[in-house]
Number of protein chains: 2
Amino acid sequence: MATAAPTRRRAIEDVASALFRERGYAATSVRDIARALDIQGASLYSHVTSKADVLWTIVDRASTRFEAAAESASQLPPSAGAPDRIRAFIRAHVLVATADPELTSVFVHEWRHLEGERRSAILARRDRYEARLRYLIAEGMSAGELLPTDPAIAASFVLGALNSLATWYRPDGRLPAGRIADHYADLAVRSLTEDHQ
Amino acid sequence: MATAAPTRRRAIEDVASALFRERGYAATSVRDIARALDIQGASLYSHVTSKADVLWTIVDRASTRFEAAAESASQLPPSAGAPDRIRAFIRAHVLVATADPELTSVFVHEWRHLEGERRSAILARRDRYEARLRYLIAEGMSAGELLPTDPAIAASFVLGALNSLATWYRPDGRLPAGRIADHYADLAVRSLTEDHQ
DNA sequence: CCTACCGATCGGTAGG
DNA sequence: CCTACCGATCGGTAGG
């Protein structure tokens, strides 16, 4: 959870993220959110315009964070090989997911409850994100740095593993986020290469 | 979808699986299910006792299928090494997931909406299933057949990848289920070994 | 399998 | 941020 919300609006989003992660968007009422903040359901509407809007804010913020992480992970020098690029991508993803598992979990699972343009916009952004990884894999294969496999299947496999993380990760768990990032990067890169490097 | 339901009760479960997968359990009303069958909402209750009961039937059936698949994948001779055992486990999982993605998807995502004993029972069965894979990995590591890594992290990684499959898989997709099973088994086994075998 | 109906709860508004 | 309230919809029952 993003700690110590500075504004009321932000506190609502944080509480909503936690509840949406636990029960799902549809099974969480605005009164559930209000109760967690010790106010009346109707009072929420002084700060937000709708439940759907809160979901959108959460999903949009999460997507923006993953996009930014992927962007900065792409800043590796061109000399870096595909394995290192993929490793950087995965590490960046895991660090975002573990820094805010509530936000990430809602992003991963609850975007389906968005409607209209918001839904299609977030779908397109998710597709672009997955395409980034797919291209990294395809490039590495062309360069002979990765085993020849189906890049779309490989990207789905790896992203599936990454996306499940936000569901089970707990900040007080056995392993710190950095170690999980290392392990996930190792597993993913090894799954795509003949020799571990 | 499990085709050609022989009973009305089964037709309800199949339609419910498809809707629960698309929109989630909480966002699907009993009237949505009835509409898909061209009957009135109240008429559903001639065949089922509650919406929660339909969810339970679906989740229980899916869990039973995965348990049976894991069981028969374990019938490999003791001479078989950990990589082959894991390969068999993954292939079996992928074949169940692709044979019925609606059922599988509800099993993976909607069990949270179960309550009381049913919820804890299914959680325990999911844990046992994950433990199977974890033990396969730990054994392979002890035998020196797999790279030394954290078995719990590795099992979560692989199962996360497997569980995402039912979300995106479509029977009319580019690759047949058998090819996806091969790819997933390759990716997973390679992620755990130094050399692909 | 239908019509008619139930109490509870939903997201949200009015008006302070 | 509250009280009071709205119409719509929810899961489910009664009684054919």
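Just so we're on the same page: letters track the sequence lines, and every chain starts at 1.
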Tell me which of B:Ala52 and A:Arg31 sits closer to the 5' end of DNA chain D, going by the nucleotide each one is nearest to.
A:Arg31

Span of DNA chain C in contact with chain A (heavy atoms, under 4.0 Å)
C:dC10 to C:dT13

Secondary-structure stems, DNA chain C, at least 3 Watson-Crick or G-U base pairs under 3.5 Å:
C:1-16 with D:1-16

Does any part of the side chain of B:Leu159, heavy atoms only, come nearer than 4.5 Å to the side chain of A:Ser164, both counted from C-beta?
no

Salt bridge B:Arg132-B:Glu71, side-chain N to carboxylate O under 4.0 Å:
yes

Within the side chain of B:His93, is there an N or O that forms a donor-acceptor pair under 3.5 Å with the backbone of B:Phe89?
no

Under 3.5 Å, is there a donor-acceptor pair between the side chain of B:Asp14 and the main chain of B:Ala11?
no

Start at the 5' end of DNA chain C and walk down; is the nucleotide closest to A:Thr49 or to A:Asp32 reached first?
A:Asp32

Parallel, tilted or perpendicular for A:Phe20 and A:Tyr25, by the 30°/60° rule?
perpendicular

Distance-only, no hydrogens or angles: does the B:Thr193 side chain make a donor-acceptor pair with backbone N or O of B:Val189 under 3.5 Å?
yes

Main-chain N/O of A:Val59 paired to A:Ser63 side chain as donor or acceptor, under 3.5 Å
no

Contact list please: residues 35-46 of chain A against DNA chain C, heavy atoms, distance less than 4.0 Å, in numerical order.
A:Ala42, A:Tyr45

Between the main-chain N or O of B:Ala188 and the side-chain N or O of B:Ser191, is there a donor-acceptor pair closer than 3.5 Å?
yes

Donor-acceptor under 3.5 Å (B:Arg23 side chain, B:Ser29 main chain)
no

Candidate list B:Asp186, B:Asp84, B:Asp182, test salt bridge (charged side-chain N to carboxylate O under 4.0 Å, His left out), partner B:Arg91, passing option:
B:Asp182

